[in-house]
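First comes the structure, then the notes that go with it.
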Amino acid sequence: PVSAMQQERLLKVLVIGDLGVGKTSIITRYVHQVFSQHYRATIGVDFALRVLDWDHKTVVRLQLWDIAGQERYGHMTRVYYREAVGALVFDMTRMSTFQAVLKWKGDLDSKVALGNGRPVPAVLLANKCDQRAQGLCPKLPKLEAFCRDSGFIGWYETSAKDDTNIEAAIMCLVRSIMSLE
Ligand code: GDP
Ligand code: MG
C-alpha cells in the first residue's frame, strides 16, 4: 500500500532484441526470480510489473514490456514505444544478434524521444554470459567504446540463468530515468 505521503511513478522499460536472446527470461528473472530452460516463443504483447520502494517519497511501478513476437518484423509499431525507455538485449553466443542491436536502437530512437528531444535512456545487455565458460562466445568488440559511440548509458554482461547483473542493469536504467526530473 502506498502511504498518503508517497507519490507513484510509472516507468515503462521496453526489453528489445532479436528472437531468442533472452528477453522473456530476463523479465521473468527480474520479476519472478525464476529461470526456465524450456524454450517458449512469446505470443502477443505482454508486460510484467515490479513495484520498487524508491525513497520515502516515491514508489516506482516498473512495467517491463516484452516485445513479444514482434522480433520477426525487425521493428515495432510506433505506438508501442510511447513513453518508454530501452533495455537492448543480445545473445553473447550469437554475433548476428549483436549486429542487430544498432538496428533496434535506431528503431527505438526514431520512434520515441524525451520531452527535450534527446534519446531515451538505453542500456545494453550482453546476455547468456554463463555460456562463456563453455567457450561458446565469439570475441566481441570493446563494448565500452561501442556504447559511447551508440549512445547507451551503460552495458552489462548478464545471465538470466545464473541471475548475473539483471538487477544491476535495470537499476542503472531506473536511476537514469529518475534523475531526469
Ligand atoms: P526471447 O525470445 O528473447 O524472449 O528469449 P527467451 O527468454 O525465450 O530465451 C531463449 C532461450 O535462451 C531459452 O531457451 C532460454 O532458456 C535461453 N536463455 C535465456 N537467457 C539465458 C541465459 O542467460 N543463459 C542461458 N544459458 N540461456 C538463456
Ligand atoms: Mg520472448
Side-chain angles (χ1 to χ4, degrees), residues 11-50 62-82 84-112 120-141 143-144 146-147 150 152-174:
L11 305 178
K12 279 186 191 177
V13 180
L14 290 182
V15 183
I16 304 169
D18 277 358
L19 189 66
V21 295
K23 299 179 297 298
T24 304
S25 301
I26 286 166
I27 293 172
T28 306
R29 168 61 77 190
Y30 184 72
V31 173
H32 304 294
Q33 280 89 44
V34 291
F35 174 79
S36 164
Q37 202 78 248
H38 183 70
Y39 182 81
R40 187 165 58 88
T42 324
I43 298 158
V45 174
D46 206 358
F47 72 86
L49 183 73
R50 188 160 147 190
L62 199 61
Q63 286 183 346
L64 290 106
W65 288 79
D66 197 321
I67 73 157
Q70 297 196 40
E71 300 106 328
R72 65 182 60 104
Y73 304 118
H75 66 91
M76 285 175 279
T77 55
R78 191 171 296 269
V79 70
Y80 195 84
Y81 280 132
R82 203 180 290 153
V85 294
L88 281 84
V89 186
F90 71 96
D91 175 347
M92 283 186 75
T93 69
R94 284 190 294 143
M95 200 59 170
S96 64
T97 67
F98 173 70
Q99 284 151 358
V101 158
L102 281 182
K103 181 200 67 180
W104 286 112
K105 177 77 162 61
D107 194 41
L108 176 69
D109 288 342
S110 74
K111 285 168 182 158
V112 74
V120 297
V123 290
L124 181 64
L125 277 66
N127 193 42
K128 308 195 188 182
C129 69
D130 58 279
Q131 299 286 72
R132 191 165 33 210
Q134 274 77 58
L136 291 171
C137 298
K139 200 175 173 330
L140 289 169
L143 292 183
E144 196 69 52
F146 175 81
C147 283
S150 318
F152 288 95
I153 60 172
W155 64 277
Y156 293 85
E157 292 187 354
T158 61
S159 168
K161 185 180 182 194
D162 293 354
D163 197 10
T164 305
N165 278 338
I166 304 292
E167 188 89 24
I170 291 172
M171 283 310 279
C172 167
L173 201 47
V174 175

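Starting from 1, each residue takes its place in the sequence as its number. Counting starts at 1 for both ligands and their atoms, following the listed order.
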Restricting to heavy atoms, the pick from Ser25, Gly17, Gly22, Ala126 nearest atom 5 (O) of ligand 1 would be Gly22

May I ask you to check if ligand 1 and Leu19 share an N or O to N or O distance below 3.5 Å? no

With sequence neighbours excluded, residues passing side chain to side chain donor-acceptor pair (under 3.5 Å) with Gln131: none

Any idea which atoms of ligand 1 are less than 4.0 Å away from a heavy-atom of Ala160? 20 (N), 22 (C), 23 (O)

Do other residues, nucleotides or ligands put more than 12 heavy atoms under 6.0 Å from Gln33 CD? yes

Please check: side-chain N/O of Asp162 versus main-chain N/O of Thr164, any donor-acceptor pairing under 3.5 Å? no

Do Leu140 and Met92 come within less than 4.5 Å of each other through their side chains, counting heavy atoms only? yes

Could you tell me whether Arg29 and Glu167 make a salt bridge, using a distance below 4.0 angstrom between a side-chain N and a carboxylate O? no

Enumerate the atoms of ligand 1 whose separation from the nearest heavy atom of Ser159 is less than 4.0 angstrom. 23 (O)

Considering only heavy atoms, does Asn127 approach ligand 1 within less than 4.0 Å through its side chain, its backbone, both, or neither? side chain

Counting heavy atoms only, which of Lys128, Gln134, Glu157 is nearest atom 21 (C) of ligand 1? Lys128

Between Ala87 and Leu125 the two heavy atoms that sit nearest each other are CB-CD1, 4.4 Å

Do you see an N/O/S atom of Thr24, backbone or side chain, under 2.8 Å from the Mg ion (ligand 2)? yes

If the cut-off is 4.0 Å to any non-hydrogen atom of Gln131, which atoms of ligand 1 fall inside it? 26 (N)

Note: Asp130, heavy atoms under 4.0 Å from ligand 1, region reported as side chain

Under a plain distance cut-off of 3.5 Å, with no hydrogens placed, do Asp66 and Thr24 share a side-chain donor-acceptor pair? yes

